[in-house]
Undergrad: 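Quick one: the structure is below, and I'll ask about it shortly.
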Amino acid sequence: MYEHNGEKYYVVDSHVHFWNGRPENNRNRYGEGFTACFYDYHRNLSPAEYVWTPEKFGAYSEADLLHDLFEIGYVDQAIFQPTYLTDFYVDGFNTTERDGAVMENNPGKFITNGAWDPRDGAEGLDKLEELHARWNLRGVKLYTAEWKGDSKGWKLSDPSAEPYLRKCVELGITNIHVHKGPTIYPLNRDAFDVQDIDYAASMFPELNFIVEHVGLPRLEDFCWIATQEPNVYGGLAVAMPFMHSRPRYFAQIIGELLYWIGEDRITFASDYAIWQPKWLVEQFVDFQIPEDMQSEYGVLTPDVKRKILGLNAAKLYDLDVPAELRIVADDTDKPIGSAPVQVA
């Protein structure tokens, strides 16, 4: 729990990884390039004191992860979002199995999400059931631009995706995290377009679609979709570090999100280990929309920041928030964050 200026914040980092970017795990030059692109984001958007060497960035340890998130990073719960990329990496880049082992080593700290790819057909559906049986999945992370053989991506509106979404409904995997943001070498920018979110969210109202990276650089498209689809959320991974390098740009991003979808559908994420939660949490709690923009976007109150930093994700994942930090929503008497804990 983070406490600052007499205010307390329950922090859920809703997008973290434990990847293997070691050179020996590269299947080809694309693996090397993918990790290098991640590192460029890390180096260019982090405060200087938080920049790692390329060697550590590709091979940080479980001890590093625990230290940066829980010992100094103020995180109460962290959610692993896997990215397999087996066409680029021998053992995959960041898999549910690798993340799940860390979760089991550290009870009560992590939630492990799964993944699926409709191009895997019936075999992939069986694999999803196996992941769910093993890890009690409450969410999945989808990477629509991932390469698979000759295919350079897929869409949630593809007919082949529908059986997987139906399987998620059947299994109770309600949180569908989808990378819809900046491209990463060598993936194709258009395969991350947000337009298929509209179709999937309308067809599957039982599911929550958390659009990671809020569609950047297609923020306007995302907002127009999300405002009409009440089961669409915005994940702030990649957007958050602009507080440091481009504070007015970040104010515009958060202001547009507050205007279009409101404070209850925005979730905090560090995208660790691209960025570290310590400085993101500290800067966000201190951040305010500039005065000359407040007539259009309003202000960030402590309660708004509490929702974004943890309460919204806690509600999606049925996490039990300390009673003193719960907020009674406008349309219900049930405090946000009062759901019982579910232990994987």
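Please read all numbers here as calculations on a predicted model, not as lab measurements. Heads up: numbering here begins at 1 and tracks the sequence. Side-chain atoms are counted along with the backbone in the values below, which use heavy atoms only and exclude waters and symmetry mates.
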Undergrad: Trp147 vs Phe88 aromatic rings, parallel, tilted or perpendicular, using cut-offs 30° and 60°?
TA: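 Rings of Trp147 and Phe88: perpendicular, as their planes differ by over 60°.
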
Undergrad: Tell me, do Phe80 and Trp135 make a side-chain contact under 4.5 Å, heavy atoms counted?
TA: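 No, side chains not in contact.
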
Undergrad: Scan Trp52, Tyr39, Phe38 and name whichever one has a ring pair (Phe, Tyr, Trp, His ring centres under 6.0 Å) with Tyr60.
TA: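 Of Trp52, Tyr39, Phe38, ring pair (Phe, Tyr, Trp, His ring centres under 6.0 Å) with Tyr60 is met by Trp52 alone.
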
Undergrad: Check whether any side-chain heavy atom of Ile308 sits under 4.5 Å from a side-chain heavy atom of Phe284, and report yes or no.
TA: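 Answer yes - side chains close enough.
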
Undergrad: Is a side-chain N or O of Asn105 found less than 3.5 angstrom from the main chain of Ala101, in a donor-acceptor match?
TA: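 Yes; judged by distance alone, with no hydrogens or angles, the pair exists.
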
Undergrad: Is the Lys NZ or Arg CZ of Lys109 less than 6.0 Å from the centre of Phe70's six-membered ring, within 45° of the axis?
TA: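 Pair Lys109/Phe70 counts as cation-pi.
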
Undergrad: Could you check whether Glu170 pairs with Lys167 (Lys NZ or Arg NE/NH1/NH2 to Asp/Glu carboxylate O, under 4.0 Å)?
TA: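 Yes, Glu170 and Lys167 are salt-bridged.
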
Undergrad: Would Arg306 and Glu7 count as a salt bridge (Lys or Arg N to Asp or Glu O under 4.0 Å) if you check the C-alpha gap in whole Å, the side-chain angles of each, and the deciding distance to 0.1 Å?
TA: CA-CA 9 Å; Arg306 267 188 278 273; Glu7 301 284 354; 3.0 Å; yes

Undergrad: Could you tell me whether Glu3 atom CD has more than 12 heavy atoms of other residues or ligands within 6.0 Å of it?
TA: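 Atom CD in Glu3 is packed in, count exceeds 12.
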
Undergrad: Do the non-hydrogen side-chain atoms of Thr174 and Cys168 ever get within less than 4.5 Å of each other?
TA: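 No - every pair of side-chain heavy atoms lies 4.5 Å or more apart.
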
Undergrad: Go through Asp221 and Gln195 one step at a time and tell me if the side-chain contact (heavy atoms from CB on, under 4.5 Å) criterion holds.
TA: CA-CA 8 Å; Asp221 289 348; Gln195 61 181 330; over 6 Å; no

Undergrad: After noting the C-alpha distance and the side-chain angles of Phe57 and Trp19, does the key distance pass the ring-ring contact (aromatic ring centres under 6.0 Å, His included) rule?
TA: CA-CA 9 Å; Phe57 187 80; Trp19 62 59; 5.1 Å; yes

Undergrad: Quick one: does Asp76's side chain get under 4.5 Å of Val321's, heavy atoms only?
TA: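 No, too far: nothing below the 4.5 Å cut-off.
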
Undergrad: Between the side chains of Asp13 and Ser270, is a donor N or O closer than 3.5 angstrom to an acceptor N or O?
TA: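 On atom types as modelled, these side chains qualify, holding a pair under 3.5 Å.
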
Undergrad: Could you tell me whether Arg134 and Glu130 make a salt bridge, using a distance below 4.0 angstrom between a side-chain N and a carboxylate O?
TA: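 Salt bridge between Arg134 and Glu130, a charged N being under 4.0 Å from a carboxylate O: no.
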
Undergrad: Can Phe242 and Phe250 be said to form a ring-ring contact (aromatic ring centres under 6.0 Å, His included), step by step?
TA: CA-CA 5 Å; Phe242 285 108; Phe250 177 74; 8.4 Å; no

Undergrad: Just so I know, are the side chains of Thr112 and Asn136 near enough to count as touching, which here means a heavy-atom distance under 4.5 Å?
TA: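 No, their side chains stay 4.5 Å or more apart.
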
Undergrad: Okay, side chain of Asn25, backbone of Gly92: is any donor-acceptor separation there less than 3.5 Å?
TA: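 Looks like yes, one N/O pair under 3.5 Å.
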
Undergrad: Please tell me if the side chains of Glu212 and Val178 come closer than 4.5 Å, counting only heavy atoms from C-beta onward.
TA: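 A side-chain contact under 4.5 Å is absent here.
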
Undergrad: Would you say the side-chain atoms of Asn231 and Asn208 include a donor-acceptor pair closer than 3.5 Å?
TA: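 Side-chain D/A pair, Asn231 to Asn208: absent.
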
Undergrad: Mind running side-chain contact (heavy atoms from CB on, under 4.5 Å) on Ile176 and Ile210 for me, showing each step along the way?
TA: CA-CA 6 Å; Ile176 313 298; Ile210 301 92; 5.9 Å; no

Undergrad: Taking the side chain as everything from C-beta on, heavy atoms only, tell me whether Phe110 gets closer than 4.5 Å to Ile79.
TA: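 Answer no - side chains too far apart.
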
Undergrad: If you count the non-hydrogen atoms of other residues, nucleotides and ligands that lie under 6.0 Å from OH in Tyr185, is the total more than 12?
TA: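 More than 12 within 6.0 Å, yes.
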
Undergrad: Donor-acceptor check, side chain of Arg98 to backbone of Phe18, threshold 3.5 angstrom: yes or no?
TA: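 Yes, because the side chain of Arg98 sits within donor-acceptor range (under 3.5 Å) of the backbone of Phe18.
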
Undergrad: Ignoring hydrogens and angles, tell me if any N or O in the side chain of Gln81 forms a donor-acceptor pair with the backbone of His17 under 3.5 Å.
TA: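 Side chain of Gln81 to backbone of His17: no pair is present.
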
Undergrad: When you look at Asp196 and Lys180, which way does the salt bridge (Lys or Arg N to Asp or Glu O under 4.0 Å) test go after all the steps?
TA: CA-CA 10 Å; Asp196 54 337; Lys180 294 293 185 181; 2.9 Å; yes

Undergrad: Under 3.5 Å, is there a donor-acceptor pair between the side chain of His177 and the main chain of Lys141?
TA: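 No, because the side chain of His177 does not come within donor-acceptor range (under 3.5 Å) of the backbone of Lys141.
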
Undergrad: Would you mind telling me which of Ile261, Ile197, Asp198 makes a side-chain contact (heavy atoms from CB on, under 4.5 Å) with Glu229?
TA: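 Of all the options given, the one that passes is Asp198.
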
Undergrad: Which label fits Trp279 and His244: parallel for a plane angle under 30°, tilted from 30 to 60°, or perpendicular past 60°?
TA: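 Taking His244 first and then Trp279, their aromatic rings stand perpendicular (interplane angle over 60°).
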
Undergrad: Between atom OG of Ser151 and atom CD of Glu146, what is the distance when rounded to the nearest 0.5 Å?
TA: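 Spacing of OG (Ser151) from CD (Glu146) equals 10.0 Å.
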
Undergrad: If you count every heavy atom of other residues, nucleotides or ligands that lies below 6.0 Å from Glu97 atom CD, does the total exceed 12?
TA: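 Enclosed.
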
Undergrad: Please confirm whether the ring centroid of Tyr259 lies under 6.0 Å from the ring centroid of Tyr297.
TA: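 Tyr259 vs Tyr297: aromatic centres not under 6.0 Å.
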
Undergrad: With the threshold set at 4.0 Å, does a side-chain nitrogen-carboxylate oxygen contact exist between Asp292 and Arg248?
TA: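 Judged by the 4.0 Å cut-off on N to carboxylate O distance, Asp292 and Arg248 do form a salt bridge.
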
Undergrad: Please work out which of the three classes, parallel, tilted or perpendicular, describes the rings of His15 and His213, given edges at 30° and 60°.
TA: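 Rings of His213 and His15: tilted, as their planes differ by 30° to 60°.
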
Undergrad: Taking Asp271 for the side chain and Ala237 for the main chain, is one N or O donor matched with an acceptor at less than 3.5 Å?
TA: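 Pair absent, no side-chain N/O of Asp271 close to backbone of Ala237.
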
Undergrad: Among Leu165, Leu125, Leu131, exactly one meets side-chain contact (heavy atoms from CB on, under 4.5 Å) together with Trp116. Which residue is that?
TA: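 Only one option passes, and that is Leu165.
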
Undergrad: Before giving the answer on side-chain contact (heavy atoms from CB on, under 4.5 Å), spell out for Asp87 and Arg27 the whole-Å C-alpha distance, their side-chain angles and the decisive distance to 0.1 Å.
TA: CA-CA 7 Å; Asp87 275 24; Arg27 187 179 294 278; 5.6 Å; no

Undergrad: Among Phe268, Tyr10, Tyr74, which one satisfies ring pair (Phe, Tyr, Trp, His ring centres under 6.0 Å) with Tyr2?
TA: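 For Tyr2, the ring pair (Phe, Tyr, Trp, His ring centres under 6.0 Å) test succeeds with only one of Phe268, Tyr10, Tyr74, which is Tyr74.
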
Undergrad: Checking salt bridge (Lys or Arg N to Asp or Glu O under 4.0 Å) for the pair Arg326/Asp320: CA distance, chi angles, key distance, verdict?
TA: CA-CA 9 Å; Arg326 299 171 189 168; Asp320 193 29; 2.9 Å; yes

Undergrad: Got more than 12 heavy atoms from elsewhere within 6.0 Å of CD, Glu123?
TA: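 Not buried by this count: 12 neighbours or fewer within 6.0 Å.
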
Undergrad: Given side chains that start at C-beta, do those of Ile173 and His132 come closer than 4.5 Å, heavy atoms only?
TA: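 When only atoms from C-beta onward are counted, His132 and Ile173 do touch, with a gap below 4.5 Å.
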
Undergrad: Please confirm whether the backbone N or O of Asn113 pairs with a side-chain atom of Thr96, one donor and one acceptor, at under 3.5 Å?
TA: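 Here the side-chain-to-backbone pair exists.
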
Undergrad: Is there a salt bridge (Lys or Arg N to Asp or Glu O under 4.0 Å) between Asp158 and Lys155? Walk through the geometry before answering.
TA: CA-CA 5 Å; Asp158 291 344; Lys155 296 181 182 298; over 6 Å; no

Undergrad: Taking 4.0 angstrom as the limit, do Lys307 and Asp264 come out as a salt bridge?
TA: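 Salt bridge present between Lys307 and Asp264.
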
Undergrad: Yes or no on ring-ring contact (aromatic ring centres under 6.0 Å, His included) for Tyr84 and Tyr89, after CA distance, side-chain angles and deciding distance?
TA: CA-CA 8 Å; Tyr84 277 70; Tyr89 297 94; over 10 Å; no

Undergrad: Show your reasoning for whether ring-ring contact (aromatic ring centres under 6.0 Å, His included) applies to Tyr50 and Trp275.
TA: CA-CA 8 Å; Tyr50 290 95; Trp275 298 284; over 10 Å; no

Undergrad: Under a 3.5 Å distance rule, please check whether Asn312 uses its side chain to pair with a backbone N or O of Thr267 as donor and acceptor.
TA: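 The answer is no, because no donor-acceptor pair under 3.5 Å joins these two groups.
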
Undergrad: Just how far is it from atom OH of Tyr143 to atom CH2 of Trp154, taken to the nearest 0.5 Å?
TA: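 It comes to 12.5 Å.
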
Undergrad: When you measure from the side chain of Thr83 to the backbone of Asn94, do you find a donor-acceptor pair of N or O atoms at a distance under 3.5 Å?
TA: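 Flag not set: sc Thr83 to bb Asn94 has no pair under 3.5 Å.
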
Undergrad: Surrounding CD of Glu220 (heavy atoms of other residues, nucleotides or ligands, distance under 6.0 Å), is the total greater than 12?
TA: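 Not more than 12 within 6.0 Å, no.
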
Undergrad: Is there a donor-acceptor contact under 3.5 Å from the side chain of Tyr164 to the main chain of Gly121?
TA: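 Between the backbone of Gly121 and the side chain of Tyr164 there is a qualifying donor-acceptor contact (under 3.5 Å).
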
Undergrad: Does Lys305 come within less than 4.0 Å of Glu263, counting only side-chain N to carboxylate O?
TA: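 Looking at Lys305 and Glu263, the cut-off is not met.
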
